[in-house]
Structures are given as C-alpha cells and as structure tokens.
Amino acid sequence: MEECISVFDMLKIGVGPSSSHTLGPWRAAERFLEELRQDFDLESITRVKVDLYGSLSLTGKGHATDLAVMLGLSGQDPEYIPVQDIDGIIKAIESNHLIQLGNEKALPFYILQDIVFHKDFLPFHANGLTFTAFFDNETEYASTFYSIGGGFVVKEERSDAKQKVAIKCAFPFPINNAAELLDYTQKENKSISEIVYANEISMRPEAEVHSELLRIWHTMLECMYIGCHSEGILPGGLNVRRRAFDMHQNLIGLSNYDSPQSWLEEIRKTEVKFRQILKWVSCFALAVNEVNAALGRVVTAPTNGSAGVIPAVLMYYMVIENHQADEKQIKQFLMVAGEIGSIFKKGATISAAMGGCQAEIGVSSAMAAGALCEVMGGTPAQVLMAAEIAMEHHLGLTCDPIGGLVQIPCIERNTMGAIKAINAAELALETDSKNAKVPLDKVIDTMWQTAKDMNSKYKETSEGGLAIAVNMADC
C-alpha cells in the first residue's frame, strides 16, 4: 500500500512564489534545524552554508529560494509568519551579516559565500539542496534534501526503504489510483468526498477536519480579496503590472463591502453574462497568483505556481453557479480536489522541475474540474472523467518562466487552467461516463511518460521556450 496522503498535504498554507523552490527549501531548512537540535548543541555551531543544485539553482533567485532558506534557518514558519515581516528579516541578515539560527543563536552569514548556486543536478531529483553546519571543534555536519513539488521534502536515504514498505496506510480506504477510488465509491455507495472524509477522520478529530478545511478556504478567499485590491508592479525585475485590481474595478464598480465575505456577497449581485464569467474567473486566478508572486500568503494547490486555479473555480461556483453554497459544498470541493491531486502525485508528479507545467497547472485544473463536477451533482465516474478531460488538454505543457520568476507565463496560465476546469466539468456532466474512452489512470500514466520524454530545458530551468525567446531586457 501507499503512504497516506491527506487533503492537508495537498492543500498547504504557505508563502509564495513557489512551492518547490520556496516552500520546499524553507521546510528543508526547518528539518535541518530539527536534525541539529536533536544531535548537536546549537551553541557549538560557528557557521552554516547552503548549496543549491539543478533547478533550485537555475531559477532559485527568481523563486526566492535564497530568501526561503534564510527564513527557514532563522526559525520562521511559512504558514504563520506575518508576510510584512519578511523584508525586514532579510534586510537585517544582509546588512548585519548575521543570521539568527533557529531564532536562538547569531551566526556570521555572508549571503554570497554561504548560499552557493550550482548548475549541475544531483542524480536523485532536479531540486536538491545541501545544508552544512560547521562546529567549533572543526568538524562539520551535512544533510541533503530534495524538494519534490507541492512543498513536499524528502531525503534520498534508502536504508529505511524496507521500513517504508512495511508502513501500511491507516486509512479505511487506502487509495493508490483512480480505479481504486471509483471501486470504493461503488462498493460503499458513497460520493468521492464521503470516501475522503472517512479517511480524514481516521487521522484527526472531525472538528479539526472541519476547521482546517474552512481555514484553507478562508485563506484562499482572503488571498483573492487582497489580490483584487492591490495595485502596482510585482517585484523581480520584469516590471509586471498587477491586472486583477483594474479588472476587478471594472467588474464590480462602486459596490459597498468591508470584508472578504461581504465582498463575495456583493459579487453575487453583479451582472452574469458569458464575458463577465470569463472575466471574474480570470480575475480571481490573477489575484491569487499576483499575491503569490509578491511573496504573499497562498494555499499550495497543489503548488504555489498553480495556486490560483482551485480558488478561482470554487469562487466561480459560489458566486455564479450556486448562491446558496455554504460550508458543506466548500468542504466537498476541497476534499475531492485534494484526493485527485494525491492520485497524480502517486502516479506521476506535481513538480514542474520533473514534469513541466502539465504537472502544476494541468494537475490543478484536473483537481478543480473533478471537485466542481461533484458539487454540481456529478457521479464519481463523472468526477474522474472531468479530471481526465482537464489533464488531457494540458499534456506536454512546458515550464519556461521568464527570468526564473513565477510571473510570465505562470500567472496567466492559472486563468487558462481555471477556465479549462469549468469546461471539463461541464463536458463530464453532459456525458454518460460509460462512454468515456480514456480512464483517468491512463492519462496520469501518459502525463508521467510525457514528463520523462520532455527535454530538461522545458522543466523549470529557464533554459528554453519563452524563458530564452523573451529576455529581461525585452520587459
């Protein structure tokens, strides 16, 4: 059996701009701190160094990988750190040449020599990084981590492989693939969200599942709200102007509201035509990914670069399709989305460094399509069909960010992924699932094979595609 992957593993609250290049390295730094605390005395450490490899090096500056490892080593938590404090912490390290290791001990830290960028790739994964601690007795301790996408971090060590195999999933309905999930729904006469819920409450109290799902939604809603009310230029040097603000102003006019929830209610009163729907969905997605690009707080869904698709589609459902939608539908949507994402993670990848943008926008679109299909009344078979349709039309999508920044074409791609998700859900709802020709598991297999065949320059290295056709000077 596979390891248990919870909805809360797939939908994680963190800081932008990238789950694999920002959140993952940040978490790796936290884990390195844990190792140091467990085996050593922090007072005996005289210096720390970070080596970044492969994709983490090639696009690390644009993805704030260097900032993430410094924040992680400083003992900051990406889920709870006030984002307005980030700039001050980094500037203090830069100007004082000191880092507060674990927020406990000040160490000399010179960014240019203590964070080293290596263009070569480590063999285990494209996103590798090694932390080294130096001690006052002239010994050192090094630990290597791999950020495998979606904020997940692993180590290569194989000595515990047998132990990992022996760990059986404690879920009542352990799921390796879509076929198993569908089989459970048929045998138990349950919806996909009901199967997922049964799994989640086997790990934590029902009240916690409820509160955490709503915390995820409220973070998404607040992120859309902030993005729609923020204007200016995004950081990074591309001089990308925020667009959600103007689009939102043109859509909502002089409406009166004072909170994310009252804002949602006001949107429900606006004109609904096809063009307006396209604009609203695009606006929601743009808003999230503009916040993400500005190192704001987002929900990794399943990655930061694709964080706008799921909230945009869920918001579409709540303000356009079902004005009576409440916490029940929100929880349904998020649970289905999370489960579909976990199946992709098990069967392929959610890392653009491994699979290109099909692994990020493609997966997020599939997650959103399946989730929307269920809350719109689709059967489990139709839900999986919706996810398959969405991914089928993202196959081969490259990851080629200009300047290594999660801005062009990443922000716009979230709008496309959201629209495709809605279209895929509608196609599935209008189709007898018995007539489906391509099972979800087959498209996941195809996606993984496509990822392996894809040239590495199209997998988050900024060495091909738009990343070289359009340079920073053009912007």
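Computation of the quantities below employed the complete heavy-atom set of this structure, encompassing side-chain atoms and omitting hydrogens, waters and symmetry-equivalent molecules.
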### Message
For Gly62, is there any backbone N or O sitting under 3.5 Å from a side-chain donor or acceptor partner on Thr59?
### Response
no
### Message
By the definition side chain to side chain donor-acceptor pair (under 3.5 Å), identify the one residue from Glu271, Glu266, Glu265 that meets it with Lys269.
### Response
Glu266
### Message
Surrounding CD of Gln84 (heavy atoms of other residues, nucleotides or ligands, distance under 6.0 Å), is the total greater than 12?
### Response
yes
### Task
Give a yes or no on whether the backbone of Glu339 and the side-chain of Ser342 come within a donor-acceptor separation of less than 3.5 Å.
yes
### Message
Counting neighbours of CE on Met247 that are heavy atoms of other residues, nucleotides or ligands and sit closer than 6.0 Å, is the number greater than 12?
### Response
yes
### Query
Rounded to the nearest 0.5 Å, how far apart are NZ of Lys459 and SG of Cys399?
11.0 Å
### Message
Run Leu395 and Thr446 through side chain to side chain contact (heavy atoms under 4.5 Å, CB included) and show every step you take.
### Response
CA-CA 8 Å; Leu395 288 173; Thr446 302; 4.0 Å; yes
### Query
Between CE of Met416 and NE2 of His393, what distance do you get to the nearest 0.5 Å?
16.0 Å
### Query
Short question: side chain of Thr22, backbone of Ser18 - any donor-acceptor pair under 3.5 Å?
yes
### Message
Return the CE to CG distance between Met318 and Leu264, rounded to the nearest 0.5 Å.
### Response
5.5 Å
### Task
For Ala390 and Ala424, work out which heavy atoms get closest and say how close.
N-CB, 3.7 Å
### Query
Taking all non-hydrogen atoms of both residues, which atom of Ala451 and which atom of Gln358 are closest, and how far apart?
N-NE2, 3.4 Å
### Summary
When every non-hydrogen atom of Val313 is compared with those of Phe333, the smallest separation belongs to CG1-CZ, 3.9 Å
### Query
Within a strict 4.5 Å, meaning less than it, do heavy atoms of the Asn289 and Arg413 side chains meet?
no
### Task
Before accepting this row, confirm whether a basic side-chain N of the pair Asp246/Arg241 lies closer than 4.0 Å to the acidic partner's carboxylate O.
yes
### Task
Please confirm whether the backbone N or O of Glu208 pairs with a side-chain atom of Ser211, one donor and one acceptor, at under 3.5 Å?
yes
### Query
Between Arg31 and Glu34, does a salt bridge (charged side-chain N to carboxylate O under 4.0 Å, His left out) hold up when you go through it step by step?
CA-CA 5 Å; Arg31 285 182 55 180; Glu34 289 174 12; 5.7 Å; no
### Task
To the nearest 0.5 Å, tell me how far Ile340 CD1 sits from Met10 CE.
10.5 Å
### Query
With no hydrogens and no angle check, is any side-chain donor or acceptor of Trp26 less than 3.5 Å from a backbone partner on Gln76?
yes
### Message
Within this structure, what is the CG-CZ distance for the pair Leu129 and Phe32, rounded to the nearest 0.5 Å?
### Response
10.0 Å
### Asn256, CG: over 12 other non-hydrogen atoms inside 6.0 angstrom
no
### Query
Below 4.5 Å, heavy atoms only, C-beta onward: do Ile267 and Tyr257 meet side chain to side chain?
no
### Message
Using salt bridge (charged side-chain N to carboxylate O under 4.0 Å, His left out), reason through Glu200 and Arg204 one step at a time and then give a plain yes or no.
### Response
CA-CA 7 Å; Glu200 292 297 331; Arg204 49 180 62 87; 3.0 Å; yes
### Query
Between Asp400 and Pro409, is any pair of side-chain heavy atoms under 4.5 Å apart?
yes
### Query
For Tyr197, does its backbone N or O pair with a side-chain atom of Lys331 as donor and acceptor, under 3.5 Å?
no
### Straight-line distance of Phe131 CZ to Phe145 CZ, nearest 0.5 Å
6.5 Å
### Task
Using a strict 4.0 Å threshold on nitrogen-to-oxygen distance, state whether Arg243 and Glu412 make a salt bridge.
yes
### Task
Start with the C-alpha gap between Leu11 and Met367, add the side-chain angles, then the distance that decides, and say whether side chain to side chain contact (heavy atoms under 4.5 Å, CB included) holds.
CA-CA 11 Å; Leu11 306 174; Met367 292 166 69; 4.2 Å; yes
### Query
Are Gln276 and Thr270 close enough that a side-chain donor and a side-chain acceptor fall under 3.5 Å?
no
### Summary
Nearest heavy-atom approach of Ala386 to Cys373 is CB-CB, 3.9 Å
### Query
Heavy atoms, side chains only, cut-off 4.5 Å: are Ile148 and Lys345 in contact?
yes
### Message
Can you confirm whether Glu321 is buried at CD, in the sense that more than 12 heavy atoms of other residues, nucleotides or ligands lie under 6.0 Å from that atom?
### Response
yes
### Task
Mind telling me whether His229 and Tyr225 have parallel, tilted or perpendicular rings, with 30° and 60° as the class edges?
tilted
### Query
Is a side-chain donor or acceptor of Thr398 paired with a backbone partner of Tyr458 at a separation under 3.5 angstrom?
no
### Query
Mind checking whether Val15 and Ile86 have side chains closer than 4.5 Å, heavy atoms only?
yes
### Electrostatic pair Glu212-Arg215, nearest N-O below 4.0 angstrom
yes
### Note, His248 side chain near Trp280 side chain (heavy atom, < 4.5 Å)
yes
### Query
Without hydrogens or angle criteria, can the side chains of Thr349 and Ser351 be said to hold a donor-acceptor pair below 3.5 Å?
no
### Message
Apply side chain to side chain contact (heavy atoms under 4.5 Å, CB included) to residues Ile361 and Asn414 and explain how you reach the verdict.
### Response
CA-CA 7 Å; Ile361 294 296; Asn414 280 263; 3.6 Å; yes
### Task
Check for a donor-acceptor pair, side chain of Ser462 on one end and backbone N or O of Pro401 on the other, with a separation under 3.5 Å.
yes
### Query
Going through the distances and angles, do Leu440 and Leu181 end up as a side chain to side chain contact (heavy atoms under 4.5 Å, CB included)?
CA-CA 11 Å; Leu440 177 57; Leu181 174 58; over 6 Å; no
### Query
Taking the side chain from Gln407 and the backbone from Pro235, do they hold a donor-acceptor pair closer than 3.5 Å?
yes
### Task
Find out whether Leu56 and His21 are in side-chain contact, i.e. whether some heavy atom of one side chain is under 4.5 Å from a heavy atom of the other.
yes
### Query
Is a side-chain N or O of Thr130 found less than 3.5 angstrom from the main chain of Thr144, in a donor-acceptor match?
no
### Query
So, Tyr146 versus Glu156: side-chain donor-acceptor pair below 3.5 Å or not?
yes
### Message
More than 12 heavy atoms of other residues, nucleotides or ligands under 6.0 Å from NZ of Lys452: yes or no?
### Response
yes
### Query
Shortest non-hydrogen contact from Glu360 to Thr303?
OE1-OG1, 2.7 Å
### Query
Within a strict 4.5 Å, meaning less than it, do heavy atoms of the Leu314 and Phe284 side chains meet?
no
### Message
So that I can tick it off, tell me whether Glu94 and Lys91 are bridged by a salt bridge, with the cut-off set at under 4.0 angstrom between side-chain N and carboxylate O.
### Response
no
#### Entry: Closest non-hydrogen atom pair, Ala301 against Ser364
O-CB, 3.5 Å
